[in-house]
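So the structure is just underneath, and the comments pick up after that.
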Amino acid sequence: MTLRDVKVGETAKVKKIDGEGAVKRRIMDMGITKGVEVFVRKIAPLGDPVEITVRGYELSVRKADAEMIIVEE
Amino acid sequence: MGIRIALAGNPNCGKTTLFNALTGSNQFVGNWPGVTVEYKEGKYKGDKEVTIVDLPGIYSLSPYTLEEVVSRNYLIDERPEAIINVIDGTNLERNLYLTTQVVELGIPVVIAINMMDVVEKNGDKINTKKLSEEIGVPVIEISALKNRGLKEIVDVAVKAANEAKPQSPKHRFDGSVEHALAHIEELCLHSIDDENVQRWYSIKLFERDEKIQEKLGLSADVINHIENDIASCEKELDDDAESIITGERYNYIGTIIDGCVKKASKGMTTSDKIDRIVTNRWLALPIFAIVMFIVYYVSVTTVGTWATDWANDGVFGDGWHLFAIGSADYNDAADEYAEKALIVDGYDIYVEENGSEPTGDFEYPVEDEETAAVEYETASLEDYAEAKAYIDSTEEPDPADYGVWVPGIPPIIESGLDAIGCNDVVKGLILDGIVAGVGAVLGFVPQILVLFIFLAFLEACGYMARVAFIMDRIFRKFGLSGKSFIPMLIGTGCGIPGIMASRTIENDRDRKMTIMTTTFIPCGAKLPFIAMVAGAIFGGASWVAPSAYFLGIFAIITSGIMLKKTKMFAGDPAPFVMELPAYHWPTLGNVLRSMWERGWSFIKKAGTIILLSTIVVWFTTFFGFTADGFRMLEEEEIGMSILANIGKALAWIFIPLGFGDWEATVASITGLVAKENIVGTLAIIYGATGDVYETMRAAFTNASGFAFLAFNLLCAPCFAAMGAIKREMNNTRWFWRAIGYQCGYAWVIGLIVYQCGKCFTGEGFSVGTIFGIAGICVLLYGLFRKDKYNN
């Protein structure tokens, strides 16, 4: 399951980040690393990106990038 | 020798506020060499020997974003004497992530925990003493906004700089990572004296940082060796190297936070409450529309335009009424006088044309100043008698008789030059070249300032990030950022502040793409020209003006799609993982400062190119070889000017577009000074032989007329906008790429319009049609070819 499948208002624990290069590094630099809890706050009015809370602050992630974030079921 | 202190910290951590508070007005703002990233340094208010360098806001020292590369290159190569690591106290966890990297550089670091006032208000507790022990560097509580702890932080940083004993990082990675790091140090880093720096490089090599491999000039053999170390470590920990390092850093921070921070359990913060409304599924778009409307209405429709009109027509025009007192009265009087004068003139024209006086109602011409359109109105003999009596008895109203009249700069200089008996050439150079050029630079500044008050406010309060969040879905499809919306919107008023507004886009590629495409949207100055083409060639058809906007939007979308597939925009895809910072009320000082910096940088960086090109165009327009040799020309003699000859020499370029004559070419060139000049030039050229609109209608067909319109809307913008492009690109090659692309694109569209349009407007299929279709094919190829640089 990836972060994209997590519903608004739910929390998920990150298992692994897929992919490589700049996008992956950026996701990790922003604090989305193995074991962290991510809360999906809302979806943008046009359906993408999503707003999540991680490590106490708000982050906007595109759905396509959210697919790289594998979470625990 | 002086001391350099670098400010490093995340975006939105209050670094700029701190920088402003420490340096006051003593700042130098520019760009890092060759890139669009802003560079700032300033002298510390308390000690002129201390220079503060404000690094770009960054989250990490990874090699992937321009800001990060610029910052870390500065830190590694320039080695400032100390670093103040600014941290947002309300968000320690993520902010400390950069800290764990900065302390590894072997440069003394002191930590400034900013926004302590907010932390205290929230009821949170930070044990700074313990934090300082854990990380091994001094930690000072500050509030840049409330001027708290500022002297202390600099004193501590200066002390650390003078001692020059860098901290050794306390954090140790997992045993197997440390083992690999030790191996790497031994293998290729022993030539570096400083142990701390050795460690930093080894971590970067462990992360497979290609920029560092290159910098150290490692041989393939050594890289292979390192690779073995990394691979065995990755196998042991079952993860890739970069994930291991970032993961461990965050885990380490987690343990520090647990010991040092006590968060008051709290409900929703004010920021959360605001955000719940502002980016609400249903309310977000209406609120967005309202905010954009206000920005547009004030900075383009009302205040911005007043300011620009005042600067262009007042200060750099005839003059203006102080506080606008008397303006309305004068305008009424002037309008009445002009109306009567037209009737009297019309009567004289009638007499001249018919050889006799009219016996009843007669028609007289009325010319629209902006579009040079002529309409005929009817006057009776009584009207004439009344008008004649009025004109004979009244003097032409003088604006100086109403209110307090402040003359503009040109009339003042003109009377001064007349007084000293200056010759016409010098007078022309000064008035039409230099003063007009300076006017073109400064005339746009008021509007830029008005717009930038808004942008600075939107950025500082946190709404700008939400703009990107809301609009991202639409704009990313054609390679732009959600934040590109604002430059494009402002561009409908004036392209110059539009281009400048691209400054708010963080991603370098998105920013460049936005700069290249913003001026495709018809700006206010293009409207008279559009109206002229619509009136003269299309009989005032109402579809012409909307079609210009559709053409602009079409150009932006197609260009975005085509450009993002080109080599110059190739590279790693831009990650859109963006922080949505907490809302907060910005300080007036910071907003004004940001406004002023941007306005001033436009004057400084764009001024020269605008001034020079205005002078060149003035010279070529008003000088030429005539029967009596090379001399200065009257306005009506433009046909003999150097410019006309340039037009004749270049006209062949436009033959495939259907307007390959010197008149249209010259008009296009003068349009580069200001787009509304196209109307004036055409009025002079076509007006010489009769009615402007009729002559113009005869010179163009529907197809060539629309091609002419399309070309001039899409080609390189006016010099002032080009200056803005140059300033924002901060790179000559990229500047020429932008101008070249715009002209090339405009030419292809003109070709398609003319050749295919010709086919549909009665001329049937011809050889040219094949070229038109070829143009369409080029466009389609650009749009649909495989993107080989990005997947």
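Values below: all heavy atoms of this structure, side chains included; hydrogens, waters and symmetry mates excluded. Reminder, nothing fancy here: chain letters follow the sequence lines and each chain counts from 1.
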For A:Pro45 against B:Arg281, the heavy-atom pair lying closest together
CB-O, 3.7 Å
Any Lys/Arg nitrogen of B:Asp240 or A:Lys16 sitting under 4.0 Å from an Asp/Glu carboxylate oxygen of the other?
no
Does atom CD of B:Glu210 have more than 12 heavy-atom neighbours from other groups under 6.0 Å away?
no
Is A:Arg55 reaching over with its side chain to a backbone N or O of B:Glu93, donor-acceptor style, under 3.5 angstrom?
no
Are there over 12 heavy-atom neighbours, none belonging to B:Asp258, within less than 6.0 Å of that residue's CG?
yes
With the threshold set at 4.0 Å, does a side-chain nitrogen-carboxylate oxygen contact exist between A:Asp48 and B:Arg476?
yes
How about CD on A:Glu20, more than 12 heavy atoms from neighbouring residues, nucleotides or ligands closer than 6.0 Å, or not?
no
Okay, A:Thr33 and chain B: the region with an atom under 4.5 Å from a heavy atom over there is side chain
Nearest 0.5 Å please: distance from the OH atom of B:Tyr250 over to the CD1 atom of A:Ile32.
9.0 Å
For A:Lys42 and B:Thr279, does a side-chain donor sit closer than 3.5 Å to a side-chain acceptor?
yes
Honestly, the part of A:Val54 sitting under 4.5 Å from a heavy atom of chain B is neither
Check whether B:Asp275 gets within reach of chain A through its side chain, its backbone, both or neither, counting any heavy atom under 4.5 Å.
both
